[in-house]
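Only one structure is covered here, and it is reproduced in the block below.
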Amino acid sequence: MVAAKRSLPVERRLKGVPLSPGVALGRACFYKRQRTAVDSTSQPDSRQEIQRLHHALRWLARQRSVLARKAEAALGHEHAEIFQAHRLMLADESFQSQLAGSIENNGNSAEHAVETVLNLYKQQFAAADSEYLQQRVADISEIQRDLVAYLNREVGCRRCADAFGCGVKRCRLSNHHILIGEELTASLPIETDHHTIGFIVEKGGPNSHAVILARASRCPVVGNIQSPFASIPVEAQILIDGDSGEVIVNPSEATRARYQVKRAGCGHGVEVSMPVPGLKVMANIGQSADVGSALDAGAEGVGLYRTEMEMLVAGRLLSEAEQAARYSEVIRFMAGRPVCIRLLDLGNDKTAQWMGTTAQGGAAAGRRGAGLLLAHPEFLRAQARALARASVHGPIQVLYPMISHLEQFLELRTLFVQAVTDLQPTGLQHGVLFEVPAACLAAPELMQAADFGCIGTNDLIQYLFAADRSDGDAASHTRFETDAVLWDLIQTLSRTATQAGKPMAICGELAGNPKLTGRIMGSGLTAISTSPSHIAGVRRAASERGP
Ligand code: PEP
Ligand code: MG
C-alpha cells in the first residue's frame with residue numbers, strides 16, 4: 001500500500017490593522033479567559049459580597065501599581081499616570097460606597113454591582129462635553145472587565161497544537177509563539193512570558209494602554225482579525241507584520257525569507273541609522289502613535305501617513321477635532337521634517353459598516369480612495385478642515401490616493417479648498433499618488449497641476465499586471481518588482497517630475513527592499529518612504545551604492 005503523501009499547509013493571508021510595528025514568526029497560541037465554576041444559584045449574602053468586592057478592588061489596585069511601574073520604566077511618567085489614575089479610582093471612598101450600596105440596597109452580587117455602577121459611569125463620561133472624559137470610557141470598561149473577571153475567578157488559559165492549559169508566564173514547551181486573543185487588555189503583556197513574541201487580537205485600539213505597552217516593549221501586534229479562533233488552525237505557524245497589519249498563516253519559505261524574520265522575540269527595536277547622501281529616507285506610518293518608531297529609526301520625515309487606519313481602528317469616522325489633534329501631533333513630533341499625509345484611502349478592501357452602503361459597495365476599485373471621497377464629500381470635508389487646522393504647526397503635503405485622471409484630481413482639490421476657505425490655511429501642498437496606470441499615463445498633465453507626486457508601487461503593480469496584492473502567494477506579486485515594464489514606468493515618472501520641476505518620491509513595499517534601492521536611485525528618484533523597520537537597510541544599500 002502506498003502511504004498517503006502529506007501535503008504542506010497552504011499559505012493564507014488575513015488582513016488586520018497594524019497596532020504595534022515589527023515582524024514576528026511563531027506558533028499559534030490561543031489565549032482565552034475561562035471562568036471557573038461559581039455557585040450562582042444561591043441568594044447572595046450582602047456581607048460576603050461586600051468582602052469579595054473589597055478583595056477585588058484591592059487586587060486590581062495592586063495590579064495597576066505593577067502596570068504603573070512597568071509603564072514608568074518603559075515609557076516615562078506621563079504613561080504611568082494613566083494606571084495611577086485607575087488605582088486612585090479603585091481606592092476612592094465614594095466609588096467604593098456606591099458599589100457597596102448597590103449590594104446592600106438592591107441585594108446585588110458583587111459582579112452585578114460592578115456591572116451596574118460602572119455602566120452608569122460610562123454613560124456619564126460618554127455624555128460629557130470634555131473629549132478627555134469621553135476618552136476615559138475605555139478606562140472604565142477595562143476596570144469593569146478586570147473586576148468582573150476577578151470576581152468570576154476567570155483564569156487565563158492557553159492552548160497550542162501540543163499543550164493545553166499552560167499557566168500565565170509559563171509556556172510548557174518554551175516555544176516562540178504568537179498569542180491569539182479576543183482582546184489585548186492592559187494586563188496581557190504582563191501576564192505573558194518572554195516566549196510570546198507577538199499578538200493577534202480581535203479587538204483593541206492603537207491608543208489602548210495595552211498597545212502602548214506592547215509598542216514600548218517592541219512587540220508586534222495586529223488587531224481587527226475577525227474570529228481568529230475560527231480562522232487560524234491550532235497547528236499553524238504564523239507570521240505577523242505589525243507594520244502592514246498582515247497575518248500570514250503557514251508562510252511559505254519564500255515568504256519567510258522575504259520578511260527576514262527575527263525570531264528573537266519582543267524587545268527588538270527598530271535599528272537606528274543616520275541620513276545618507278543622495279537619498280532621503282522617510283517613514284510610513286498608519287497612526288499618529290507610530291511617529292515614535294519613525295523618530296527612533298531616524299526617519300527624515302513622514303513620507304506616507306495612511307490616515308484611513310485611524311478610522312478603521314476607531315471603528316468610525318473621527319471628528320474634525322480628533323483628526324486635527326492626531327495630525328498636529330505628528331507634525332509637532334516631526335519638528336520641521338517633511339510630513340506627507342494621505343487623504344482617506346477607504347473603500348474596496350478597506351471598508352467598514354459605518355461608511356454606509358455606497359462605500360461598502362463590494363470590491364469596486366473605482367470606489368476606493370479618490371472615487372470614494374467624491375462619493376462621500378462629507379468625509380473629505382472633515383479631513384480637509386482637520387488638515388488645514390493642523391497646518392498651523394507646520395507644512396503638510398496632502399497626498400491624493402487612487403487618482404486616475406486630471407479632472408478627478410482637480411475636482412477633489414477644489415472641494416478641499418472650498419471646505420477650508422474660512423480657515424485660510426497656508427503651507428498645504430497637494431500631490432498625486434501614482435498608483436493607477438491611467439494616472440501614470442497622464443503624469444505630464446497631473447504633475448503640472450500638482451505640487452508633488454509619489455509612486456505607490458503596491459497598487460501600481462496590482463493594477464499594471466493584474467496581480468492581486470492580497471494573493472496568498474506573495475511571490476506572484478513580488479516577481480513583478482523587477483519587471484522591466486514597471487521600471488520603465490518608474491523612470492518615466494521620475495523624469496516627468498524633473499521636467500515639471502516638482503518632487504517625486506516612491507513608497508510601497510518595493511521601496512523598502514534594499515536590493516532595489518540602487519535601482520530606485522538609478523531611476524533618478526531621491527526620496528523613499530518605507531516602514532521604520534526598513535529604513536536602516538535601505539540606507540545601508542544607498543551608501544554602498546554611493547550618491
Ligand atoms: C501603494 O499602493 O503603494 C501605497 C503606498 O498605498 P497602500 O499600500 O496603502 O495602498
Ligand atoms: Mg495604494
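Atoms within a ligand are numbered from 1 in the order they appear, just like the ligands themselves.
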Item to complete: Take I232 and L14 through the side chain to side chain contact (heavy atoms under 4.5 Å, CB included) test and state the conclusion after the steps.
Response: CA-CA 9 Å; I232 299 176; L14 307 171; 4.0 Å; yes
Worksheet, complete the sentence: Heavy-atom proximity to atom 6 (O) of ligand 1, picking from R342, E509, E308, points to R342
Fill in: Shortest non-hydrogen contact between V330 and V339, atoms and distance
CG1-CG1, 4.0 Å
Worksheet item: Strictly under 2.8 Å, is any N, O or S atom of D345 next to the Mg ion (ligand 2)?
Response: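 Short answer: no, not a single N, O or S atom is under the cut-off.
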Discussion item. Checking one value in my table: which N/O/S atom of E435 lies closest to the Mg ion (ligand 2)?
Written reply: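 Result: OE1.
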Practice prompt. Could you tell me which N, O or S atom of D459 is nearest to the Mg ion (ligand 2)?
Written response: OD2
Discussion item. Counting only heavy atoms not in F465 (residues, nucleotides, ligands), do more than 12 fall under 6.0 Å from its CZ?
Written reply: yes
Near [X], which atoms of ligand 1 are under 4.0 Å from a heavy atom of that residue?
X    : result
E435 : 1 (C), 2 (O), 6 (O)
R368 : 10 (O)
T457 : 3 (O)

Worksheet item: For ligand 1, is M309 a contact, meaning one of its heavy atoms is under 4.0 Å away?
Response: no
Using modelled atom types and a 3.5 Å cut-off, is there a donor and acceptor pairing between side-chain atoms of [X] and backbone atoms of [Y]?
X    : Y    : value
D451 : H430 : yes
K502 : A450 : yes
T530 : C507 : no

Fill in: Which segment of L304 sits under 4.0 Å of ligand 1 when only heavy atoms are counted
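Side chain only.
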Discussion item. Among all the protein's non-hydrogen atoms, which is closest to atom 3 (O) of ligand 1, and how far away is it?
Written reply: N458 N, 2.7 Å
Item to complete: Would you mind checking which non-hydrogen protein atom is closest to atom 5 (C) of ligand 1, with the distance to 0.1 Å?
Response: C507 SG, 3.4 Å
Worksheet entry | Pair T307-E310, side-chain donor/acceptor within less than 3.5 Å |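 No, E310 and T307 have no side-chain donor paired with an acceptor closer than 3.5 Å.
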Worksheet item: Just by distance, with hydrogens left out, do Y327 and Q383 show a side-chain donor and acceptor under 3.5 Å apart?
Response: yes
